[in-house]
There are 2 protein chains.
Amino acid sequence: MYEKKIPKDFSCGISITLEIMGGKWKPCLIDSINKGMHRPSELAKHHPNASKRVLSLQLKELEAYGVIRKVIHPVLPPKVEYFLTEVGESLLPLVDMMENWGSEFMSEFNNRQENIHVGVTKM
Amino acid sequence: MYEKKIPKDFSCGISITLEIMGGKWKPCLIDSINKGMHRPSELAKHHPNASKRVLSLQLKELEAYGVIRKVIHPVLPPKVEYFLTEVGESLLPLVDMMENWGSEFMSEFNNRQENIHVGVTKM
DNA sequence: CAGTATAGGGACAATATTTTCACTATTGTA
DNA sequence: TACAATAGTGAAAATATTGTCCCTATACTG
């Protein structure tokens with residue numbers, strides 16, 4: 001395993017949340033699992049920009065922190081499903097807020113760009 | 001400047017929020033500025049684990065995204081102050097939620113550790 | 001004069017994260 | 001037989017982020 005050398009800073013709640021949610025795809029994964037995508041292949045198809053490897057790693061981390069629960073069906077070809085735990089569900093408001101804020105910011109941002117192109121400047 | 005080679009993924013709002021808030025200290029900085037710490041030296045003293053360099057970089061990024069506003073007082077020795085913009089203030093609920101969730105998770109986590117030490121296991 | 005405080009940047013080193021690619025193994029399908 | 005789908009890992013490379021150290025400049029203090 002990879003051993004970290006820079007000590008983590010857990011002085012404030014924000015750092016903790018960032019430790020658990022900070023990965024590039026973790027909030028997206030929580031969101032997707034909540035929306036019904038449980039199998040790794042589904043998640044991978046829904047996030048084509050994410051490498052399979054990272055998704056796998058981040059799922060493992062989320063599981064290690066008790067955010068999701070892994071169910072291995074003993075069949076072949078393999079079938080695995082991930083579900084949110086209570087801890088994971090308690091993160092949903094945060095994930096939703098991230099999604100909403102980002103969407104609003106994006107549309108605001110696009111509006112600004114349009115206005116600049118048309119030569120209009122807001123006061 | 002540093003040029004990124006992996007294209008950003010802005011397909012969902014979450015990625016956008018992460019792009020703006022994802023830095024190691026950005027949410028902490030927003031929180032601190034909101035709580036009245038406006039000068040870089042104050043912020044640095046309040047986050048001794050963060051290197052001066054990174055704080056400076058992340059402040060610059062927050063400014064570039066319009067989350068904070070920089071006020072340079074033309075005096076010597078230099079005096080600079082950062083303030084939240086409207087965009088920055090719109091992030092406060094998110095920052096608060098991160099702080100609260102992390103704090104709760106941490107105390108839950110500590111409780112569990114204690115219980116394990118005492119030999120008690122919750123069902 | 002020497003040191004401190006102020007805000008910040010450049011150069012570079014150290015560390016962390018992500019990507020790529022090749023592999024494991026089994027079953028079903030063309 | 002050859003290949004896809006399934007879930008996942010190892011090794012190594014590529015990229016990103018953060019840390020360390022030294023430098024700029026000015027005014028004040030001792």
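Numbered from 1 within each chain, the chains take letters A, B, ... in sequence-line order. Values in this document were obtained by computation on a predicted structure and should not be read as measured data.
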Would you say [X] places a side-chain N or O within less than 4.0 Å of OP1 or OP2 belonging to [N]?
{"X": "A:Ser41", "N": "D:dA5", "result": "no"}
{"X": "B:Ser56", "N": "C:dG9", "result": "yes"}
{"X": "B:Arg39", "N": "C:dA7", "result": "yes"}
{"X": "A:Lys79", "N": "C:dT27", "result": "no"}

Open item on the list: For A:Gly102, is there any backbone N or O sitting under 3.5 Å from a side-chain donor or acceptor partner on B:Thr17?
Closed with: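 Yes; at least one donor-acceptor contact below 3.5 Å.
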
Which part of the nucleic acid, if any, lies within reach of [X] when heavy atoms closer than 4.0 Å are counted: base, sugar-phosphate only, or nothing?
{"X": "B:Lys45", "answer": "sugar-phosphate"}
{"X": "A:Gln58", "answer": "sugar-phosphate"}
{"X": "A:Lys24", "answer": "sugar-phosphate"}
{"X": "A:Val54", "answer": "base"}

Using whole Å, report how far [atom1] of [X] lies from [atom2] of [N].
{"X": "B:His47", "N": "D:dT18", "atom1": "NE2", "atom2": "C1'", "result": "16 Å"}
{"X": "B:Arg53", "N": "C:dA7", "atom1": "CZ", "atom2": "P", "result": "16 Å"}
{"X": "B:Leu55", "N": "C:dG9", "atom1": "CG", "atom2": "C1'", "result": "15 Å"}

TODO: Assess whether one donor atom and one acceptor atom, taken from the side chain of B:Lys52 and the base of C:dG8, lie less than 3.5 Å apart.
DONE: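 Looking at the base of C:dG8, it does pair with a donor or acceptor on the side chain of B:Lys52 (distance under 3.5 Å).
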
Open item on the list: Tell me whether A:Lys26 is salt-bridged to A:Glu61, with the criterion being a basic N under 4.0 Å from an acidic carboxylate O.
Closed with: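 Counted as a salt bridge, because a side-chain N and a carboxylate O are separated by less than 4.0 Å.
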
- [ ] Show your working on side chain to side chain donor-acceptor pair (under 3.5 Å) between A:Glu19 and A:Ser15 and close with a plain yes or no.
- [x] CA-CA 6 Å; A:Glu19 163 74 14; A:Ser15 311; over 6 Å; no

- [ ] Working to the nearest 0.5 Å, report the span between OG of B:Ser32 and CD1 of A:Ile14.
- [x]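 One gets 7.5 Å once the value is rounded to the nearest 0.5 Å.
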
